[in-house]
Amino acid sequence: MIDPRIIRERPDDIRHMLQCRAVDYDLDALVLCEQERRRHMADTDRLRQERNDCGRTISASKKSGEDAGLLIKHMKVVSARLQVQEIAQAANEEKYQKLIRSIPNMIHDTVPVGPDDTANAETGRWGPTDSKPGNHISVAGDLLDMERASKVAGSRFYYLKDGLVRLNYALLSYALDHLSKYGYVLVQPPYMINRQSMEGAIIAEDFEDVIYKIQDKDLYMIGTSEHAMAAMHSDEIIDGKTLPLRYAGVSPCFRKEAGAHGTDQKGIFRVHQFEKVEQFVYTKPEQSWAEHQRMLCISEQFYKSLEIPYRTVILSSGDMGKVASKTYDIEAWMAGQSAYREVVSCSNCTDYQARRLMIRYRDRTNDKPQYLHTLNSTLVATTRTMVAIMENHQRADGHIDIPKPLQSYMNLKVI
RNA sequence: GCGGGGAUCGCCUAGCCCGGUAGGGCGUGGGAUUGCUAAUCCCAUGUCAGCAAUGACUCGGGGGUUCAAAUCCCCCUCCCCGCGCCA
C-alpha cells in the first residue's frame, strides 16, 4: 500500500507511475473516495463525542440521584444517528481499502521505463558463455522422470531421483550456510498461511494466478517463504535497535502458474512446486537501498561460487512486480539453451508491504512509530539452479560435475 | 476430538459476579540530584488525526442486548491443564 498522503499531495506522481507500469487504474475514483472518507471520519467523530459527553452526564446525574430520563431520551437519538453514520462510513471504508490496496508501489528513479523485459537494463556480467550440446532434460536422463509425474499429478510436476535429490538438498544446506555466514537468522515458516497474511505480501489479482487455496479453510499455500516472512512481524512495532532483521527463509514453494500456458513447458524450469532459500530483510527506510545492493551481492557470490555464469539486470517498469519499487534479476547462463534465464529476483518493496501488514519500528519509547522497509531476494530456487548446474557442468560422457562447494554436502563429485 | 480454565496498553496484574472516563507494578525513554556507578525523586510511556488545544479509537476477533459493554449473551480464533488419537 502506498502512503495515502501521496494521493492528496502528489496525484500526478501516481498517474506517472501507473503509466510507466502500463496499469489501468481509475485514480479519480480513489481521490473522490478518499475525500469522502475524511468527511465520514469527521462526522463520525463528532457524533461519538456527543454520545460520550452525554453518557458521562447520565452517569454523573445517576450518581447524584437525579432523574436522567430526559438525558437518556436524547442519547437514544444520538445513538441512532451514530448507527446510521457508522454504516455509511463502513461502506466507504471498504471501498477505499479495496481501491488503495490495488494501487501498485511507487517506482524508484533508477528503474528503466518500458513495457516489458525488452526494456530491462543489464548492469553486469560474470563468467564465460559457451554453448553446450545438452539441455537439462537430456543431461538429467534417468535422474528426472516427468512422464510418471504427469501421470500422477499433472503437468509441471516432477520426480527427482538419486543424484538430483542429493543435489537439491545440498543446494539448500549450502545456501543456508552461505546466509548464516552473513548473519542471517534461519527460518522455516508455515507452508500455509491465512488470507489476511497473504494479502499483506501480494496484491489481490495475483491470488488467482499463483496461489493455491486449501478447500474449506482460510489457508493458502505459500508461493515463497517471502509471504510467510513478511507477515511474521505484522501488527508489530519493532525496536529500532534490532534492525535490520535479516532472515534466511527455507521452504517449498507452490505456484499455480495459471498465466503461463505454453511457456517453459519442458523440464523443471517452471514447475508447480520447488524448494527455495530466500533472503528477507526488514530495514529502516534510510538503510534499504544499501541493503538492496548487499542482498544482490550476496546472491551473486553464491552463483560465482557454483561457477554458474550470469548477468544482472534491472527490471523495467513494465516487467516489475506490483509490490516492488525496484527489482534486480540475476539471469544464469543456460549453456544447453544458449540463453540467460532468471534464477534470482531481488526486490526492495520499500514501505509497501509494511503498510499493508502494519509493521513499524521506533528507536525510543516515546517516538512516533514509523513504517519500515521490506526487501526480498532469492538466494536459490533449487529447480532452476539445478537446471543451470546440469547445463553448464555437463560432461561429454553424460555425467555432471558437482561444483566444489556442494561436494562435501553430497559426498559426491560427479553424478 | 472431548471436558475444564484462560486471552486487559512491551511484560506482570486489578477491574468482570453487581454495565457508566481501564487503575497499579515492572521495564523502557527523558530530566533532577549526588565524585563515578548505584540508589532516590519528578515527568513520559497503547493507536490514529492535529503545529497545538483537543478529539476519536483501544481490553484476542466478529455479532447481539442496552441510552451506555473490558463487564451481560452468542459465534469464532488462539493459549494452558486433563483425557483420547497420532508421525
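Below, chains carry the letters A, B, ... as their sequence lines are ordered, and counting in each starts from 1.
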In whole Å, I'd like the distance from the [atom1] atom of [X] to the [atom2] atom of [N].
| X | N | atom1 | atom2 | result |
| --- | --- | --- | --- | --- |
| A:Lys368 | B:A49 | NZ | P | 4 Å |
| A:Arg48 | B:C48 | CZ | P | 17 Å |
| A:Asp218 | B:G62 | CG | P | 15 Å |
| A:Asp235 | B:A7 | CG | P | 21 Å |
| A:Glu236 | B:U47 | CD | C1' | 15 Å |
| A:His40 | B:C48 | NE2 | P | 23 Å |
| A:Gln196 | B:C76 | CD | C1' | 14 Å |

Self-check item: Donor on one side chain, acceptor on other, A:Ser150 and A:Ser155, under 3.5 Å
Solution: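 Result is no, nothing qualifies.
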Quiz item: Does a side chain donor of either A:Tyr328 or A:Gln293 reach within less than 3.5 Å of an acceptor in the other side chain?
Solution: yes
Compare side-chain N and O positions of [X] against OP1 and OP2 of [N] and report whether any pair is under 4.0 Å apart.
| X | N | answer |
| --- | --- | --- |
| A:Asn52 | B:G20 | no |
| A:Thr44 | B:A56 | no |
| A:Arg362 | B:U47 | yes |
| A:Arg51 | B:C57 | yes |

Practice problem: Find which nucleotide of RNA chain B each of A:Ala60 and A:Arg8 is nearest to by heavy atoms, and output the residue with the more 5' nucleotide. | Solution: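 Comparing both residues, the 5'-ward one is A:Ala60.
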Self-check item: C1' spacing across the pair B:A69 / B:G3, given as an integer number of angstrom
Solution: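 Between the two C1' atoms, the distance is 30 Å.
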Quiz item: Taking only residues at least two apart or on different chains, which pairs with a member in residues 342-355 of chain A satisfy side chain to side chain donor-acceptor pair (under 3.5 Å)?
Solution: A:Asp3-A:Arg355, A:Asn105-A:Thr350, A:Glu226-A:Gln353, A:Ser288-A:Asn348, A:Thr327-A:Ser347, A:Asp329-A:Ser345, A:Asp351-A:Arg355, A:Gln353-A:Thr374
Exercise. Would you confirm whether A:His393, through its side chain, and A:Leu306, through its main-chain N or O, come within 3.5 Å as a donor-acceptor pair?
Key: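 Judged by distance alone, yes, a pair lies under 3.5 Å.
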